[in-house]
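Have a look at the structure below, then the notes.
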4 protein chains.
Amino acid sequence: MPDDSSHDPQELPHDDWRSYGPPQLPRVLESALSAFAEQGYHGTSIRDIAGGAGLSVPGVYHHYRSKQEILLALMVSVMDELLSRSRAALASVSDRPEDRFDVLVESLLRFHMFRRSQAFVASSEIRSLDAENRDRYVRLRDEQQQMITDIVSAGCVSGDFATAYPEDAARAVATLCVGVASWYRDDGPLQPDQLVRRHLGLARALVGGT
Amino acid sequence: MPDDSSHDPQELPHDDWRSYGPPQLPRVLESALSAFAEQGYHGTSIRDIAGGAGLSVPGVYHHYRSKQEILLALMVSVMDELLSRSRAALASVSDRPEDRFDVLVESLLRFHMFRRSQAFVASSEIRSLDAENRDRYVRLRDEQQQMITDIVSAGCVSGDFATAYPEDAARAVATLCVGVASWYRDDGPLQPDQLVRRHLGLARALVGGT
Amino acid sequence: MPDDSSHDPQELPHDDWRSYGPPQLPRVLESALSAFAEQGYHGTSIRDIAGGAGLSVPGVYHHYRSKQEILLALMVSVMDELLSRSRAALASVSDRPEDRFDVLVESLLRFHMFRRSQAFVASSEIRSLDAENRDRYVRLRDEQQQMITDIVSAGCVSGDFATAYPEDAARAVATLCVGVASWYRDDGPLQPDQLVRRHLGLARALVGGT
Amino acid sequence: MPDDSSHDPQELPHDDWRSYGPPQLPRVLESALSAFAEQGYHGTSIRDIAGGAGLSVPGVYHHYRSKQEILLALMVSVMDELLSRSRAALASVSDRPEDRFDVLVESLLRFHMFRRSQAFVASSEIRSLDAENRDRYVRLRDEQQQMITDIVSAGCVSGDFATAYPEDAARAVATLCVGVASWYRDDGPLQPDQLVRRHLGLARALVGGT
DNA sequence: CATGAATGAGCGTTCATTCAT
DNA sequence: CATGAATGAACGCTCATTCAT
């Protein structure tokens, strides 16, 4: 099994969490990503993946032990990058809940714009993970959700936010950001910064901020 | 091919759009629904569907010409019920944008609570529809989205709502309601009326209502 | 799964244990038998079996759940016929150990001549059975071996046989009979009755009979 | 291709044909042997063999051109050792048929005890040899069988043996000895010398010796 | 509607084998 | 000898679908 760790986003601390180059996925994952995004995990064959990666079928199995392992590698890599960028975003601001909220939402929005298909696959193929892998993955996702909830709760305590139901609001914020991956297009009418500004406004409204 | 139109929800005008009995799907669709919800369209075999419906495989083909036709029938039936309930909800109130918004959002929320798996499958399996069927279905879905956008726009004109970007806000409202299907559980901590109240508040915040 | 019990040798009591018609195996087993005999279980593909049976690959799976199940069905059917004929043979003679020995050996010899490939596959593919199936099969085989051992032991007690090591001798007798399946040919120089006579002589010598 | 002839048993004249050290097979053949013994030739992959030998897959191909060549090398080496020991055994006694018979049977028995899996694989995988290799191997095996037949025939002429069908008896003797490989265990109840004594008795009985 | 039988195509996976380094 | 990368062919098995009864 080859060493793919060079592609592991953890190794690249996303101190510049706002900048997105082209995703650095190994060929097989790249191919699997677009196939899963279009046809889903079960609708994609190893031959599809191999073809998209310019490999033969056994060539794919040289790198990954099974189709399931490809899915897992893909989803973990996505979640790793998301978490890494979220942490970097939070590390770049003060302790004020408002600032922390803004920067985290912005990071989520940008990720769901610029890693559209990754984010989409990661959220839609959880059920295709084996029980064990699913547990492992869900823990990562919950960690991300908790980051939002914690900030919203802190903001309620501090009086920066006014929602009576911080957890519901936090979930709505996450839903809003994740939803972006379902409709955003690079070539759409909305410029990234525009999108961020507008949706940050919506997110603030959800938590009863100013 | 037998006539299944007797199951068409359009025939039952949902004048009581708030009340949800058990869904009235033919056995095959019922079985397909839960299978698609758990494993997706491509992860489900005709044998799965037949087994779940207590039918033989040819028995399934007696009712539907293909697996694709099952998916289409299911998705159209879901959308029909959703639209039918939305129209009934709107028909039950005045012309005031605030009332219309509230009632439509409430209807959407209730549908995504009480037709959880239907709504989930309908939104996640669009890509599994044939090109032709997909067009047909998307038109229905756009119709639903347009209902929200129209009301939000009207509210902005009338001064009831204050958002600067009615279309983005309307989409966020829809995302919020659809998202409910992803996490709501009958046996969860939130009572239906409670959920409606809280999320109606969130929806109003999104459009800058009071 | 179709009912193959009509081919089950247990249902035809082999009261005429000496007479061998053509084997009455279902087409799939017939095909598997000759393929296994020539190339072994692992050297035989489902496509080989299907082709030999005049079926498509799924056609084979309509009758048997797996390749392993084919092997098991084959081996059990062989052992059933062998045991059934052995019992019939013993049931046809007196209690005298000499008679019982002669008739059992004759039955074994004839079986290994006229069910050559069956016997060969049954003895050579035990290792290809799953652990569970192997246990089940080995019990049947031990039962057959025990029939010989019991008779030899009885003959030693009665003084009909003179061997000092009845168990070793009984195993040698079985080895002798089973070995026939490795070299006997229908079109060989030795007539069946001739073969039986000569090898019955050898078997008697092994137990120190007269 | 490296020269493996240093492992060729012909170079170690088995003048002490009774003594068995651990088998001196090259690692690849050693690994192939145990794999073939357990799962058969077709049930064994090159990766199995490589793993068992502590080699990489290309490492195996460094020593042998193909899987088939491994099988051939293994079977020839087994047969070489068997024949070499048989000749050494015969060279150690007088011309008396009885002595020659005893010593040859003893050698065969010991070989099938102490080279159990070798003997088993050699006899069960003949069908897995290519046509050409099979011919070459069968000639060796026939040579071994002929040694027995010749001695039995000589004993009949000299009056030492009393069987009316020397060839059948000789084959039965071989079958008896070969059969030992199917059930003998190092840790079984029968000591090697005991086993030899008892089975020599059985072999003598087969040829009508005293 | 059921059962039973069937099939072409395709599934995920592994095979023996090769070559560059 | 190892590692790493690769491949055409084949593996056991399942797919959606059909037809006769």
Side-chain angles (χ1 to χ4, degrees), chain A residues 1-4 26-28 41-50 53-71, chain B residues 1-2 26-28 41-50 53-71, chain C residues 1-4 26-28 41-50 53-71, chain D residues 1-2 26-28 41-50 53-71:
Chain A
M1 233 13 66
D3 187 356
D4 280 342
R27 289 150 71 208
V28 171
Y41 178 76
H42 289 298
T44 297
S45 75
I46 290 282
R47 280 157 186 87
D48 291 336
I49 298 175
L55 286 180
S56 66
V57 167
V60 170
Y61 279 93
H62 180 70
H63 296 280
Y64 298 91
R65 253 192 293 272
S66 66
K67 191 184 167 187
Q68 176 69 205
E69 196 177 278
I70 293 175
L71 177 61
Chain B
M1 220 35 48
R27 289 150 70 205
V28 171
Y41 177 76
H42 288 298
T44 298
S45 76
I46 289 280
R47 268 159 190 84
D48 291 336
I49 298 174
L55 289 183
S56 66
V57 167
V60 169
Y61 280 95
H62 181 72
H63 294 285
Y64 300 90
R65 254 195 292 272
S66 67
K67 191 182 166 189
Q68 176 69 207
E69 198 178 275
I70 293 176
L71 177 61
Chain C
M1 235 11 65
D3 185 355
D4 280 344
R27 289 151 69 209
V28 171
Y41 177 77
H42 288 298
T44 298
S45 76
I46 290 283
R47 280 157 185 87
D48 290 337
I49 298 175
L55 285 180
S56 64
V57 166
V60 169
Y61 281 93
H62 180 69
H63 297 280
Y64 299 90
R65 253 192 292 272
S66 66
K67 191 183 167 188
Q68 176 71 204
E69 196 177 278
I70 293 176
L71 177 61
Chain D
M1 218 37 44
R27 290 149 72 204
V28 171
Y41 176 76
H42 289 297
T44 297
S45 77
I46 289 281
R47 270 161 188 80
D48 290 336
I49 298 174
L55 288 184
S56 65
V57 167
V60 169
Y61 281 95
H62 180 72
H63 294 283
Y64 300 90
R65 254 194 292 271
S66 67
K67 192 181 166 189
Q68 176 69 208
E69 198 178 276
I70 294 176
L71 177 61

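Every chain is numbered from 1, with letters handed out A, B, ... down the list of sequences.
- Using a 4.0 Å heavy-atom criterion, one finds that D/Gly54 contacts the sugar-phosphate atoms exclusively.
- Toward the 5′ end of DNA chain F lies the nearest nucleotide of D/Val60, the other residue of the pair C/Asp48 and D/Val60 mapping further downstream.
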Output the pairing pattern of DNA chain E as a dot-bracket string, 5' first, Watson-Crick or G-U wobble with both distances under 3.5 Å, | for cross-strand pairs, [ ] for crossing pairs. .||||||||||||||||||||
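- Residue contacts shown for B/Gly43 are absent, as no nucleic acid heavy atom lies under 4.0 Å away.
- Atom OH in B/Tyr64 sits 11.5 Å away from atom CG in B/Leu71 (nearest 0.5 Å).
- With rounding to the nearest 0.5 Å, the separation of OG in C/Ser45 from NE2 in D/His42 is 11.0 Å.
- Of all the heavy atoms in C/Leu55 and C/Val28, the pair that sits closest is CD1-CG2, 3.8 Å.
- Contact of A/Arg47 with E/dG12 (side chain to base): a donor-acceptor pair of N or O atoms is detected under 3.5 Å.
- For D/Ser66, the side chain to side chain contact (heavy atoms under 4.5 Å, CB included) partners at least two apart in sequence or on another chain are D/Gln68, D/Glu69.
- The residue D/Ser45 sits close only to the backbone: its heavy atoms come under 4.0 Å of sugar-phosphate atoms, none of a base.
- Between A/Arg27 and C/Ile46, it is A/Arg27 whose nearest contact on DNA chain F lies nearer the 5' terminus.
- Looking at heavy-atom distances under 4.0 Å, C/Gly59 makes contact with a base.
- For the pair D/Tyr41 OH and E/dC15 C1', the interatomic distance rounds to 12 Å; values are reported in whole Å.
- In plain terms, the two heavy atoms of C/Thr44 and C/Lys67 that are nearest each other are O-NZ, 2.8 Å.
- Rounded to whole angstrom, the span from the NZ atom of C/Lys67 across to the P atom of F/dT14 amounts to 14 Å.
- Between A/Glu69 atom CD and E/dT13 atom C1' the separation is 13 Å, expressed in whole Å.
- Comparing E/dA2, E/dG8, F/dC13 against the side chain of C/Ser56 picks out E/dG8 as the nearest.
- Atom P of nucleotide E/dG12 and atom NE2 of B/His42 are separated by 12 Å, given to the nearest angstrom.
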Please produce a list of atom pairs where a protein N or O lies less than 3.5 Å from an N or O of nucleotides 18-21 of chain F.
none

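- In terms of heavy-atom proximity, B/Gly43 sits nearest to B/Asp48 at O-OD2, 4.0 Å.
- B/His62 has no side-chain polar atom (N or O) that falls below the 4.0 Å cut-off from OP1 or OP2 of E/dC1.
- The CD1-P distance, from D/Ile49 to E/dA16, rounds to 8 Å in whole Å.
- Nearest nucleotide to the D/His63 side chain, out of E/dT7, F/dC13, F/dC1: F/dC1.
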